[in-house]
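Sequence lines set the chain letters: A, B, ... in the order given, protein chains first and strands last, and positions in each chain run from 1.
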Protein chains: 2
Amino acid sequence: MEKPIRSGCPINLTLETLGDRWSLIVIRDIMFGNRRHYRDLLNRSEEGIASNILADRLKKLTEAGLLSAAPDPSHKQKTIYSLTEPAIELVPLLAQMGAWGRRHTPASRELSIRAQLLEEGGPPMWKAFMKELRALHLGARPPRRSVTRELNAAYEAELAAGEG
Amino acid sequence: MEKPIRSGCPINLTLETLGDRWSLIVIRDIMFGNRRHYRDLLNRSEEGIASNILADRLKKLTEAGLLSAAPDPSHKQKTIYSLTEPAIELVPLLAQMGAWGRRHTPASRELSIRAQLLEEGGPPMWKAFMKELRALHLGARPPRRSVTRELNAAYEAELAAGEG
DNA sequence: GCAACTGCTTGTGAAGTGCAAGCAGTATGG
DNA sequence: CCATACTGCTTGCACTTCACAAGCAGTTGC
């Protein structure tokens with residue numbers, strides 16, 4: 001019993017796979033925070049996702065082809081979640097979401113460093129980031145990871161600042 | 001009793017106001033379909049939103065400052081809903097959503113004319129469209145409405161094709 | 001061997017969604 | 001001027017999703 005598709009409108013179709021409170025949060029944490037394991041996503045998420053919701057989203061996103069799950073060679077119980085190409089191509093969407101939230105949301109803290117970096121960098125930076133994500137998650141040959149490291153650092157810094 | 005904000009991350013803040021199944025659908029129909037009245041949004045929506053959900057979203061989006069509601073001079077019972085500037089600036093986000101859905105969604109019909117137009121037009125077209133939306137919804141002086149008409153026509157054509 | 005950790009499930013209540021019906025106040029056509 | 005249709009919603013009820021806390025079998029490190 002698959003749920004029926006409501007319309008063929010691309011905006012609607014995107015909403016049908018990502019239009020809920022948590023899917024994009026999970027992808028954000030994997031993408032910008034490089035959280036690759038279940039417990040990482042569960043405990044180090046700023047918003048505090050519930051464990052059953054996280055399990056459900058990981059399952060659905062994997063089934064939808066946005067994530068892949070692979071066993072961790074270094075630990076028999078660990079699963080490594082990776083972004084697939086469709087998820088990597090969400091970078092422009094997440095960049096626009098960040099830009100909008102930064103501008104039009106009352107409580108958006110002044111130091112939205114990562115969103116600001118992504119906004120100022122624009123499409124060229126997005127593309128560089130996507131290229132690096134492909135290396136990190138799809139097994140392409142790894143370049144010098146400058147953009148990724150910069151964005152991850154900004155993400156972690158904001159997390160730390162948010163808890164202070 | 002306001003619901004608490006989960007984090008100051010701009011992506012999360014955007015999701016807190018728009019991260020549900022229907023909010024962006026409503027904005028899309030007002031934006032691209034120029035549906036300005038409750039019954040228009042209710043009956044001519046491709047996805048078939050429920051009346052109570054529509055009422056709730058119109059209320060919440062108005063409270064959030066994304067829509068404005070004004071009485072219709074020509075009909076004492078009608079309310080005209082208009083996009084405010086924050087909603088108009090969702091154009092790039094919706095364009096990216098459409099572009100992603102068109103590429104990465106299995107059931108995305110071949111004729112996603114509107115999404116394709118927005119994708120090919122890129123940021124210059126988005127800006128022209130936003131300018132026209134400002135005239136239409138914020139009372140700025142109206143230009144020749146070429147982009148709006150083109151996108152609306154594409155939207156209606158797809159709706160008609162979807163029902164065939 | 002034992003505590004800490006692994007991904008994930010279960011139980012329970014609250015919140016959101018989906019569907020059908022209805023309601024008071026207009027407009028409209030004859 | 002009266003029946004009819006239309007206006008923006010509301011109500012009631014079933015169903016699904018979400019949220020929070022607790023727990024569980026297997027694995028690892030000491």
Distance, rounded to the nearest Å, where L42(B) contributes CG and dC9(D) contributes C1': 10 Å

Nucleic acid footprint by protein, nucleotides 14-30 of chain C - heavy-atom cut-off 4.0 Å, B for base, S for sugar-phosphate alone: ---SBBBB--BBSS---

For atom CD of E16(B) and atom P of dA19(D), their distance in whole Å: 11 Å

Side-chain N or O of Y38(A) closer than 4.0 Å to phosphate OP1/OP2 of dT9(C): no

Distance, rounded to the nearest Å, where R44(A) contributes CZ and dG7(C) contributes P: 13 Å

Inter- and intrachain pairs under ring pair (Phe, Tyr, Trp, His ring centres under 6.0 Å), touching residues 10-35 of chain B, at least two apart: F32(B)-F129(B)

Distance in angstrom units between N43(A) CG and dC8(C) P, rounded: 14 Å

Value in whole Å for how far the P atom of dT10(D) lies from CG of L58(B): 11 Å

Any residue meeting side chain to side chain donor-acceptor pair (under 3.5 Å) with D29(A), in chain and number order, not counting sequence neighbours: Y155(A)

Closest heavy-atom pair and its distance - P143(A), E132(A): CG-CG, 4.0 Å

D40(A) CG - dC5(C) P separation (whole Å): 13 Å

Partners passing ring pair (Phe, Tyr, Trp, His ring centres under 6.0 Å) against H104(B) (at least two apart in sequence or in another chain): W100(B)

d(CD1, I80(B); C1', dG8(D)) in whole Å: 13 Å

Atom-to-atom span, CG of D72(B) to P of dC9(D) - whole angstrom: 13 Å

side-chain hydrogen bond (donor to acceptor under 3.5 Å, both in side chains) contacts in which one or both residues fall within residues 61-71 of chain B, not counting sequence neighbours: none

Contact list for residues 69-85 of chain B, test salt bridge (Lys or Arg N to Asp or Glu O under 4.0 Å), sequence neighbours left out: E85(B)-R134(B)

